[in-house]
Amino acid sequence: FFYVGAIIGFSTWLTTYFLDLGIKVAYGSAILSIFWFFSIIGMLIMTRIISRVKEITILFYGSLAGTICLALFSFIPNVYAKIVVFAIMAIFVSGIFPLTTAISVQRDPENSGTILGFVIALAFAGSIVLQPVFGYVAEYFGKNYIVFIALGGAILGLIFTFILFRIIRNKPLKKSGKD
């Protein structure tokens, strides 16, 4: 909810954010395309390491690294450094939604359709709830503050990811007798 809402919400406001920093919309759109390109690279990296590292571990450390990158992005004044950090962040956050879905389905494979629907609904709900918050902040506080809404969502997402990490690490997946 929080992480997807923050990242998707911020990505829709990214050109507005960069416009406030003096970057034309066309270049802001190109930067957004770079973000999504690096997301694909992140997914490819994740598929390589997933056989060696538990999904929850990748999810937690990806969330942590993504939140750190977003914090750096928020406070770095240099626009070029922001773009580099934003691209790196894309690598780390690319697996959050798919891994959350995969972990949820693994916990109860018999109800995978319901679980998938619930996870997708929460992801969309995060965007629906946070989108007007981005607009309100941009309108009344300034476009350069919308990144802090994304950072707040990422921090909340990280907190819940950490809770999930602790729960799953302490309560491993049970093997069924059908194996």
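Each residue takes its place number in the sequence, starting with 1.
For the pair Glu55/Ile168, no side-chain contact is recorded, criterion being any heavy-atom separation below 4.5 Å from C-beta on.
Screening residues 115-135 for side chain to side chain donor-acceptor pair (under 3.5 Å), with sequence neighbours left out, gives Thr12-Gln131, Trp13-Gln131. For residues 18-41, the set of pairs meeting the ring pair (Phe, Tyr, Trp, His ring centres under 6.0 Å) definition, not counting sequence neighbours, comprises Phe35-Phe86. Sequence neighbours left out, the pairs with a member in residues 111-124 that pass side chain to side chain donor-acceptor pair (under 3.5 Å) are Asp108-Asn111.
Evaluation of the side chain to side chain donor-acceptor pair (under 3.5 Å) rule for Thr57 yields Arg169 as partners, not counting sequence neighbours. Partners of Phe160 according to the ring pair (Phe, Tyr, Trp, His ring centres under 6.0 Å) rule, which considers only residues two or more places apart in sequence or in another chain, are Phe2. Scanning for ring pair (Phe, Tyr, Trp, His ring centres under 6.0 Å) contacts around Tyr136 gives Tyr140, with sequence neighbours left out. Under the side chain to side chain contact (heavy atoms under 4.5 Å, CB included) criterion, Val129 pairs with Phe1, not counting sequence neighbours. For Thr67, the side chain to side chain donor-acceptor pair (under 3.5 Å) partners are Tyr3, not counting sequence neighbours. Legend: residues meeting ring pair (Phe, Tyr, Trp, His ring centres under 6.0 Å) with Phe118, ordered by chain and number and at least two apart, are absent. Residues satisfying the side chain to side chain contact (heavy atoms under 4.5 Å, CB included) criterion with Ile40, sequence neighbours excluded, are Leu44. By the ring pair (Phe, Tyr, Trp, His ring centres under 6.0 Å) test, Tyr17 pairs with Phe10, Phe73, sequence neighbours left out.
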Exercise for the section: Just do the side chain to side chain contact (heavy atoms under 4.5 Å, CB included) check on Lys24 and Leu19 with the steps written out, would you? Expected result: CA-CA 6 Å; Lys24 294 179 181 178; Leu19 191 60; 5.6 Å; no
Scan the side chains in residues 90-104 for donor-acceptor partners under 3.5 Å anywhere in the protein, sequence neighbours excluded, and list what turns up.
residue, atom, partner, partner atom, Å
Ser94, OG, Ser39, O, 3.4
Ser94, OG, Met43, N, 3.3
Ser94, OG, Ile91, O, 3.0
Thr100, OG1, Ile96, O, 2.6
Thr101, OG1, Phe97, O, 2.9
Ser104, OG, Thr100, O, 2.8

